[in-house]
Amino acid sequence: MSAYDLIVIGAGPGGYVAAIRAAQLGLKVACVEGRGSLGGTCLNVGCIPSKALLTSSGKFAELTDLSSHGISVGAINLDLGTLMARKDKIVGDLTKGIAFLFKKNGVDHIEGWANIPAPGQVQVGDDTYSATNILVATGSEPTALSGVDIDEVDVLSSTGALSLDAAPKHLVVIGAGVIGLELGQVWSRLGSRVTIVEYLDRILPGIDGEIAKLAQRALSKRGLKFQLGRALKSVEKGEHGLTLTLDRTGKDTEEQIEADKVLIAIGRRPVTRGLGLEKLGVSVNASGYIEVDETFQTSVPGIFAIGDCVPGPMLAHKAEEDGVACVEIIAGEHGHVDYNTVPGVVYTDPEVASVGQTEEALKEAGTNYIAGKFAFMANSRARSTGETDGAVKVLATPEGKILGAHICGAHGGDLIAELVLAMTKGATVEQVARTCHAHPAMGEAVKEACLDALGRAIHA
Ligand code: NAI
């Protein structure tokens, strides 16, 4: 039996980062992964391949609309095979990069699916390893819809939608969340008619409502069709494609819609099966998430859990923060994550980025707040690049301490970083507004939104 200070189960962004950080802190560490390549959902079938497809499809879409620049392009050919091969190479290079980082940091990589036969033991195939601490970082998987079988041919999860060999004529996406919008936009740009069906009466639940509306308007302008207030009931396969039956929510009526393919993107659920948690007595809540305390310890001493399999936002960077804090605590240091300053980004065009509280949440809690907003239409850099859709919105206490920030706009995912740092350091809207911002830059919209919260935006 090999003895480790820490065995991490799962090599996604939570697990592999935790393993490396623990090794840096001097622990003897192994990381077990059953997938066959490192990096988890994010690198293999999530964040990274979807961003590769968003970039390629974005370049393709841009070529069709350069006339206002005086540029005309002849016949544009799309070789989907090459586009997909580029995505696969990026994924391959990055996942191999983690293997290199493991070697460099002295993390043992154990290949196979792990279970925990007893506290302090991890079994992989016929081998059992002993570990003072075990960290479960097993991530999440797409939520299934009852009565709808995902075959990854006609009825797709996000995994299947990353590897189609042709653009479907009509792709229906179920769920106007992050995955639905990102992958919907990829295939819309590559030639599909895309209809997004959403249960709620709005897109992007959890995002500030005003910003989500701006995003819906901009995405509609770019070709996505939205059918809100509808839930998928069933999918029938016929000779000429799929017939989807939708329930009109709250209306007791049904309608049908034809599609060539359907993508089910209604959320993700934690993966904990096969680990033996029940037998060990590890507490799992009604939704399947492992319950942990503020040190990431489960109800069984010596077994920890982080990332998508514990409550909280299912985001790669949140899992990384969890992982680092958890192993720092195990090593006797002071790990901590401020969940109020975890940003979220949707990488559509325009991007949607947010951190902290939404205006709806502040109203519901009866919190006193001031708000500032600045539209990119009034930002000179946005005007010169033609990226004028959207706005920056900041919410702060009456004294100016930032409570939340929300952006719909080009490069919003990068712009939010300034406001995340401001929130983390307790900076006020006045302090952000008094920070010199380069001109002309999209970031000036952040400054102006902060000025607007103080009632003194210059260019509004
Ligand atoms: P989501 O929770 O973001 O959105 C799912 C949507 O489906 C919701 O709007 C919900 O109301 C709707 N819905 C649920 N049941 C429905 C039904 N029967 N019919 C119609 N609509 C229905 O989930 P999504 O997009 O699947 O993403 C899963 C997770 O992955 C999220 O937690 C997300 O944060 C994460 N993710 C993050 C990315 C990023 O950071 N850029 C990219 C992709 C995923």
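Along the sequence shown, residues carry numbers from 1. Both counts, for ligands and for their atoms, begin at 1 and track the order of listing. All values below come from the heavy atoms of this structure, side chains included, with hydrogens, waters and symmetry mates left out.
- Nearest to atom 3 (O) of ligand 1 among the protein's heavy atoms is Val178 N, 3.3 Å.
- Closest to atom 26 (O) of ligand 1 among all protein heavy atoms lies Gly267 N, 2.9 Å.
- Protein heavy atom closest to atom 44 (C) of ligand 1, with residue, atom name and distance, is Ile179 CG1, 3.3 Å.
- Ion pairing between a basic and an acidic side chain is recognised when a charged N comes within 4.0 Å of a carboxylate O; Asp151 and Lys237 show such pairing.
- Nearest protein heavy-atom contact of atom 13 (N) of ligand 1 is Ile266 CG2, 3.8 Å.
- If you look at Leu315 next to ligand 1, the close heavy atoms, those under 4.0 Å, all belong to the side chain.
- Under the 4.0 angstrom criterion for non-hydrogen atoms, Gly344 is not in contact with ligand 1.
- Ligand 1 places these atoms under 4.0 Å from at least one heavy atom of Leu145: 18 (N).
- Checking His406 against Thr358 by side-chain atom types alone, no donor-acceptor pair falls below 3.5 Å.
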Side chain to side chain donor-acceptor pair (under 3.5 Å) between Tyr339 and Glu321, intermediate numbers included = CA-CA 9 Å; Tyr339 294 105; Glu321 297 286 327; over 6 Å; no

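- Each of the atoms 11 (O) of ligand 1 lies under 4.0 Å from some heavy atom of Leu200.
- By the 4.0 Å N-to-carboxylate-O rule, Arg21 lies close enough to Glu328 to be salt-bridged with it.
- For the 3.5 Å distance criterion, the side chains of Glu258 and Thr243 qualify, holding a donor opposite an acceptor.
- The protein heavy atom nearest to atom 21 (N) of ligand 1 is Tyr199 N, 3.1 Å.
- For atom 4 (O) of ligand 1, the closest non-hydrogen atom of the protein is Gly177 CA, 3.2 Å.
- Donor-acceptor pairing under 3.5 Å is recorded for the side chains of Ser163 and Lys87.
- Partner of Val32 under the side chain to side chain contact (heavy atoms under 4.5 Å, CB included) criterion, out of Val124, Thr138, Val8: Val124 alone.
- Considering only non-hydrogen protein atoms, atom 7 (O) of ligand 1 sits nearest to Gly175 CA, 3.3 Å.
- Listed by number with element, the atoms of ligand 1 under 4.0 Å from a non-hydrogen atom of Tyr347 are 41 (N).
- For atom 35 (C) of ligand 1, the nearest protein heavy atom (residue, atom name, distance) is Met314 O, 3.4 Å.
- Nearest-heavy-atom check against atom 28 (C) of ligand 1 across Arg230, Arg268, Glu198 picks out Arg268.
- Using modelled atom types, one finds no donor on one side chain facing an acceptor on the other under 3.5 Å when comparing Thr95 with Asn44.
- Below 4.0 Å from some heavy atom of Pro205 lie the following atoms of ligand 1, by number and element: 8 (C), 9 (O).
- The CZ atom of Arg189 sits 5.5 Å away from atom CG of Leu54, with the distance rounded to the nearest 0.5 Å.
- The existence of a salt bridge linking Arg381 and Glu444 is excluded, since no basic side-chain nitrogen approaches an acidic carboxylate oxygen closer than 4.0 Å.
- Each of the atoms 39 (C), 40 (O), 41 (N) of ligand 1 lies under 4.0 Å from some heavy atom of Val345.
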